[in-house]
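Input: a single structure, listed below in structure tokens.
Positions are given from 1 along the sequence.
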Amino acid sequence: MAYWETAEAGDGASAVEREFTEIWRAAEKVVFSRTLSEVSTARTRLERELDAGAVRELVERSASDVSVGGAELAGEAIAAGLLDEIHLLLVPVLVGGGKRALPAGLSGELELLGQQGFRSGVVDLHYCVCRM
């Protein structure tokens, strides 16, 4: 995601790219990593472990939505009951392996709120987390 720190947001960028660049640069970011020694982007802090209580506090204080990215971290957040919505982005590329989109052993109900397809073939499936 560090790309957005220096991305060109000028005339060559689409309106969506310019908007996302502005949003990303303005956001307070938390990187959860057990291996990084430091972060390389502004308005970013490093945490080693997901602290559900601290995330709940962050959400309560935030004037805008809080998002979680990455399969492992999202799985931990789902298991901790921190997510009320999930966007699953399906990308039409075969890689022969990878991480699970949702954690093993987790069961619950998701309600489809919407879906959007893009020219690239990517599909965004938007779900409400009903019961976990």
Side-chain angles (χ1 to χ4, degrees):
M1 297 298 292
Y3 165 81
W4 299 104
E5 187 80 15
T6 58
E8 277 298 318
D11 295 336
S14 72
V16 170
E17 289 171 317
R18 286 193 302 274
E19 181 181 10
F20 187 81
T21 299
E22 290 174 18
I23 291 168
W24 193 88
R25 289 178 183 167
E28 292 291 331
K29 296 166 281 292
V30 181
V31 172
F32 291 89
S33 174
R34 295 179 190 101
T35 58
L36 288 178
S37 59
E38 61 184 35
V39 293
S40 60
T41 57
R43 304 172 63 89
T44 305
R45 75 173 194 269
L46 181 63
E47 296 288 340
R48 296 289 173 212
E49 300 290 332
L50 179 69
D51 178 341
V55 173
R56 283 189 185 90
E57 239 180 74
L58 174 70
V59 169
E60 288 173 13
R61 289 192 328 260
S62 180
S64 59
D65 288 342
V66 174
S67 65
V68 174
E72 185 176 342
L73 182 62
E76 289 180 35
I78 293 167
L82 297 173
L83 302 185
D84 56 2
E85 294 183 8
I86 297 172
H87 284 265
L88 291 175
L89 298 173
L90 302 179
V91 180
V93 176
L94 297 175
V95 294
K99 291 189 176 191
R100 299 175 61 99
L102 299 171
L106 188 64
S107 63
E109 293 182 25
L110 303 177
E111 176 186 333
L112 183 64
L113 298 177
Q115 57 192 359
Q116 181 175 3
F118 299 92
R119 283 190 314 255
S120 64
V122 171
V123 178
D124 175 8
L125 299 171
H126 181 191
Y127 291 96
C128 170
V129 179
C130 301
R131 288 186 294 273
M132 296 311 269

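At distances below 3.5 Å, at least one donor-acceptor pair connects side-chain atoms of Thr44 with backbone N or O atoms of Ala42. Remark: side-chain polar atoms of Arg100 are not paired, donor with acceptor, to backbone N or O of Ala71 under 3.5 angstrom. Put simply, the side chain of Arg45 never gets that close to the backbone of Val31: no donor and acceptor are under 3.5 Å apart.
Contact record, Thr41 with Ala2: CG2-CB, 3.6 Å, taken as the closest heavy-atom pair. Here the closest non-hydrogen pair linking Trp4 and Thr21 is CE3-OG1, 3.2 Å.
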Pair up each side-chain donor or acceptor in residues 79-92 with any protein partner under 3.5 Å, not counting sequence neighbours, and list the distances.
unit_1: Glu85; atom_1: OE1; unit_2: His126; atom_2: NE2; d: 2.6
unit_1: His87; atom_1: ND1; unit_2: Asp124; atom_2: OD1; d: 2.9
unit_1: His87; atom_1: ND1; unit_2: Asp124; atom_2: OD2; d: 3.1

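Among the candidates Lys29, Glu5, Arg25, the single residue satisfying the side-chain contact (heavy atoms from CB on, under 4.5 Å) test with Arg43 is Lys29.
With sequence neighbours excluded, no residue forms a salt bridge (charged side-chain N to carboxylate O under 4.0 Å, His left out) with Glu111.
Under the 4.5 Å side-chain contact rule for hydrophobic residues, Phe32 and Trp24 do not share a cluster. Hydrophobic clustering places Leu112 together with Val123 (ILVMFWY residues linked when any side-chain heavy atoms are closer than 4.5 Å, directly or through intermediates). Under the 4.5 Å side-chain heavy-atom criterion for grouping Ile, Leu, Val, Met, Phe, Trp and Tyr, Val68 is connected to Val59 within one hydrophobic cluster. No continuous path of hydrophobic side-chain contacts links Met1 to Leu73 [ILVMFWY only; heavy atoms under 4.5 Å]. Tracing side-chain contacts under 4.5 Å through hydrophobic residues (I, L, V, M, F, W, Y), one reaches Leu106 starting from Leu110; they form part of the same cluster.
Remark: Gln115 CD is loosely packed, at most 12 non-hydrogen atoms of other residues, nucleotides or ligands lying under 6.0 Å away.
Checked for salt-bridge contact, Arg61 and Glu28 miss the test: no charged N lies under 4.0 Å from a carboxylate O.
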Checklist entry - Are Val129 and Ile78 close enough, and set up right, to give a side-chain contact (heavy atoms from CB on, under 4.5 Å), and what steps lead you there? => result CA-CA 9 Å; Val129 179; Ile78 293 167; 5.6 Å; no
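Judged as a ring-ring contact (aromatic ring centres under 6.0 Å, His included), not a single pair has a partner in residues 40-75 (not counting sequence neighbours).
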